[in-house]
Protein chains: 2
Amino acid sequence: MTKKILKTIQSYLRKNEMGPLHDFLKTLRPGDISEAMKGLDEDERKTVFGLLGVESASGLFHEVDIPLISRILQDWDNARLAKILDITAPDDGADVLGVLLHKKREKVLRSMDKKKAKEVQNLLAYDEKTAGGIMTTDFVTLSQDLKVRETLEYIRKNVNVETVHHLYIIDREECLVGVLPLRRLIAVSPEREDITLKDIMTSNVIATNVNTDQEEIAKLVAQHNLLALPVVDEEGRMVGRITVDDVIDVVQQEANEDFYKMAGALWEAGYLDKTLFTKTRMRLPWLLACLLGGVITGSIVMFFKEAISQVIILASFIPVIMAVGGSVGLQSSTIVIRGIATGHVDIHAIQKFLFKEISVGLVLGLICGLGIGIAAWFWPEGSPALGLVVGIAMFTALTVATTFGALFPALFKRLNVDPAVAAGPFITTVIDVAAIAIYLGLATMLLHFLV
Amino acid sequence: MTKKILKTIQSYLRKNEMGPLHDFLKTLRPGDISEAMKGLDEDERKTVFGLLGVESASGLFHEVDIPLISRILQDWDNARLAKILDITAPDDGADVLGVLLHKKREKVLRSMDKKKAKEVQNLLAYDEKTAGGIMTTDFVTLSQDLKVRETLEYIRKNVNVETVHHLYIIDREECLVGVLPLRRLIAVSPEREDITLKDIMTSNVIATNVNTDQEEIAKLVAQHNLLALPVVDEEGRMVGRITVDDVIDVVQQEANEDFYKMAGALWEAGYLDKTLFTKTRMRLPWLLACLLGGVITGSIVMFFKEAISQVIILASFIPVIMAVGGSVGLQSSTIVIRGIATGHVDIHAIQKFLFKEISVGLVLGLICGLGIGIAAWFWPEGSPALGLVVGIAMFTALTVATTFGALFPALFKRLNVDPAVAAGPFITTVIDVAAIAIYLGLATMLLHFLV
């Protein structure tokens, strides 16, 4: 369906039929427009965004990956942007203002409704990866002493039931003491409408502090299957709420981030739309680290050049030992990094996990060592001695690789270094150096059996 | 907090204080018990599960990663398991029965409430990675001609508002024609209660077919920020609903799966709790593929042994070219694989993306080639000619690596092969072979400048 929508939009754009396109966009849901945006190029996106009414544009802000349209927003008319933001949820508004340059942001804020501008500005002050950064400030708090009847009247007059799912119940000190799903009010029959909210609220509220990291929040929401999570300040007063759709975004973003880091690239949202310069800047650091690692491994090879010069065939097993050793190391570090991220590996009780991982390494090493050993034996110019050297080297390399691959991310995590970052060039280099040193060292020791 | 709960449970277990542990467990939320389960070992989990009341156990099934307790369930008393499943949501029940061996499953089903057993059995028939596999069958459908007054009466008598968020509205043919968030009924003032559901329902329903893949569903729910997604059969009749908490699980599971695949391991939920044999089976295939790739790369090295035997120093740059080439390839394939998974890369319009990726490869190749070229020049026994050979080889290798790294996953996707699987040993081997062949081929051509 999404594909069809994209094609239709592109066909209107190609024929330059702006009127019909405008009408077509009106029939779409914000989510559909947001999805189509991904498939358009920068100019097309700009045209489409310009054709949206204030309300559709506001709806789009709720759905679209904001960095995708950041350059368009930067060039947009301040007054019009302010008008859209006036009717946009504060958290989405903060995301939009967050991608603008400082000067532009100030101008837009000045054109906005005073109250809304204040709300959005408050949200901008929080670190974007904490509860404060992803929460929204539109929520409804009511006193615990209010009667159900009064509550129903209040809601019918003042609350938009389409966007509010829960009422948050506070005491006289404005501290959060309970939560009440709106739909629970339906179950109260008219003759019982004199009971107070205190009697029907859930008082054991799961809430989070405004400074909690977003990854923790995603775990909390997933763990308890929450639809919304209230956010409180140090005094226990409610300051915002986080909705489950934002949590889905967090889960996806955190996974993407880990993917990029493990592949050895700095994380920035929207790699695909960056300039060549930024892309290079995101990818180069890891490569230079790898380059350094490769040079170190190369000097190990040079250290053993005597053995290679006498038995050239030794050089031909360097690739296989590096490839398999690197693979095993990547497996181990991925397993431990994902385990830590999902809470399945407890870094404070890592010994048991490590022990099991090393056992797996021993078995894998045995199988691969045996395989490559036999291959080396029957290799052109091969020999049983060569088979022994290559096989033992492979076995040791794989055991070392599983151990280091599992150990380092856990160590880094305990030192508060992101394990996904550390897993890259560092572990690979350590494994390469160890594997090649073992291999060529062994070959040097047994050299007179090889020549 | 979770950490403290785990510690408390373990301390009771150590002191064998089952009474107090039982009381403590009663005070916990299902999500807390589920989280603590991850940190316990098999025997401890068994004890804790045994201490749970029927209701807590049922609540736990909703939260816990079922494979984590599959062995415990397999050994559990049939009658007691049936009793728990009788009060468990059908989709969670299907997950539990899904991990049992066939014979055991039949026995438990026979002990269950007839109607519930039937519901769960129906769910078990669906592929577990489709809408049918993750949906639940408890939902409320009402006729579009029902009045709001009648609806409210019906709900107060028959519906548990704690678990139902939406009413699904059907026509006379039982086709899904609308959805009504329960809370919207609150906004209807008492004097307007004679209007029908048709007048207040949302008629433009987003629904999915029972056979839709779970990854598509996650995209749909994220795209439109849905809390629940109705599932219909081919005739448009409602057969189930998918809740957002299950979608969070899907997003996490799909990300985990991709992590495992890209790290070169077969995916099975719960790697950490598998036996040594299963772990080996999950990890070995990739390693053997890598081993084969390494042997092929090694034979390329052998093919050029003449050059190496004359200039031993050539061998010492094999590691760096492999390491950096492999890294760049991994970056490119991760970017395209994640881009496809998140919908940011359109495989039917891959040319533009490829072109940009190759530009990045050229720039990265230029920088790294220059760097290693200078290093090789000033390397012990190095020379300007060596620097030229190594630099050009690095430059070409990186360009090839970005091209292949980006191209292959897209090709595989179009051939309907999972790109994350394909990315592993295949791409690495192709890049290694190409890089080493270019390097040593060039060296052979320029050999008389090197000696």
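Every value quoted in this text rests on a predicted model; they were computed, and no experiment measured them. We name chains A, B, ... by the order of the sequence lines, and we start the count at 1 in each one.
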Using a strict cut-off of less than 4.0 Å between a Lys/Arg side-chain nitrogen and an Asp/Glu carboxylate oxygen, indicate whether A:Lys38 and A:Glu35 qualify as a salt bridge.
->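 So A:Lys38 pairs with A:Glu35 through a salt bridge.
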With chain B as the partner, which of [options] has the greatest number of non-hydrogen pairs under 4.5 Å?
options: A:Gly293, A:Ala289, A:Ala376, A:Ser299; result: A:Ser299
options: A:Val360, A:Leu330, A:Ile318; result: A:Val360
options: A:Ile296, A:Thr280, A:Ile186, A:Ile321; result: A:Ile186
options: A:His62, A:Gln252, A:His165; result: A:His165
options: A:Lys305, A:Lys352, A:Met394, A:Glu153; result: A:Lys305

As an exercise, state the distance from [atom1] of [X] to [atom2] of [Y], rounded to the nearest 0.5 Å.
X: A:Leu185; Y: B:Leu185; atom1: CG; atom2: CG; value: 12.0 Å
X: A:Lys274; Y: B:Lys356; atom1: NZ; atom2: NZ; value: 12.0 Å
X: A:Phe304; Y: A:Leu314; atom1: CZ; atom2: CG; value: 11.0 Å
X: A:Leu288; Y: B:Ile367; atom1: CG; atom2: CD1; value: 7.5 Å

Measure across [X] and [Y] and return the closest heavy-atom pair with its distance rounded to 0.1 Å.
X: A:Trp379; Y: A:Ser316; answer: NE1-OG, 3.7 Å
X: B:Cys290; Y: A:Ala323; answer: SG-O, 4.1 Å
X: B:Ile308; Y: A:Ala315; answer: CD1-CB, 4.5 Å
X: B:Leu364; Y: B:Leu398; answer: O-CD2, 3.7 Å
X: B:Val250; Y: B:Ala218; answer: CG1-CB, 4.1 Å

Heavy-atom contact with chain B under 4.5 Å, split by part of [X]:
X: A:Thr202; answer: neither
X: A:Ala375; answer: neither
X: A:Arg184; answer: both

Chain A contacts, top residue of [options] (heavy-atom pairs, under 4.5 Å):
options: B:Met322, B:Glu254, B:Lys219; value: B:Met322
options: B:Asn256, B:Thr297, B:Ile155; value: B:Asn256
options: B:Asn225, B:Ile206, B:Leu284, B:Val159; value: B:Asn225
options: B:Thr243, B:Val324, B:Leu287; value: B:Leu287
options: B:Val247, B:Val295, B:Asp249; value: B:Val295
options: B:Ile436, B:Leu152, B:Ile313, B:Ile372; value: B:Ile313

Tell me, for [X] versus chain A, whether the close heavy atoms (under 4.5 Å) come from the side chain, the backbone, both or neither.
X: B:Leu276; value: side chain
X: B:Lys157; value: neither
X: B:Leu291; value: both
X: B:Ile312; value: both
X: B:Val64; value: neither
X: B:Ala187; value: both
X: B:Phe277; value: neither
X: B:Glu357; value: side chain
X: B:Thr151; value: neither
X: B:Val363; value: side chain
X: B:Ser327; value: both

Between the side chains of A:Ser332 and B:Arg283, is a donor N or O closer than 3.5 angstrom to an acceptor N or O?
->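 Yes, because at least one side-chain N or O of A:Ser332 sits under 3.5 Å from a partner of the opposite role on B:Arg283.
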Consider only side-chain N and O atoms of A:Thr429 and A:Asp432, and report whether a donor and an acceptor are under 3.5 Å apart.
->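 No.
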Across all chains, not counting sequence neighbours, the side-chain contact (heavy atoms from CB on, under 4.5 Å) partners of B:Asn204 are A:Arg29
Report the residues that fulfil side-chain contact (heavy atoms from CB on, under 4.5 Å) with A:Asp258, sequence neighbours left out, ordered by chain and then residue number.
-> A:Lys261, A:Arg338, A:Ala341, A:Ala420, B:Phe259
Minimum side-chain heavy-atom gap B:Gln223-A:Asp32 below 4.5 Å | yes
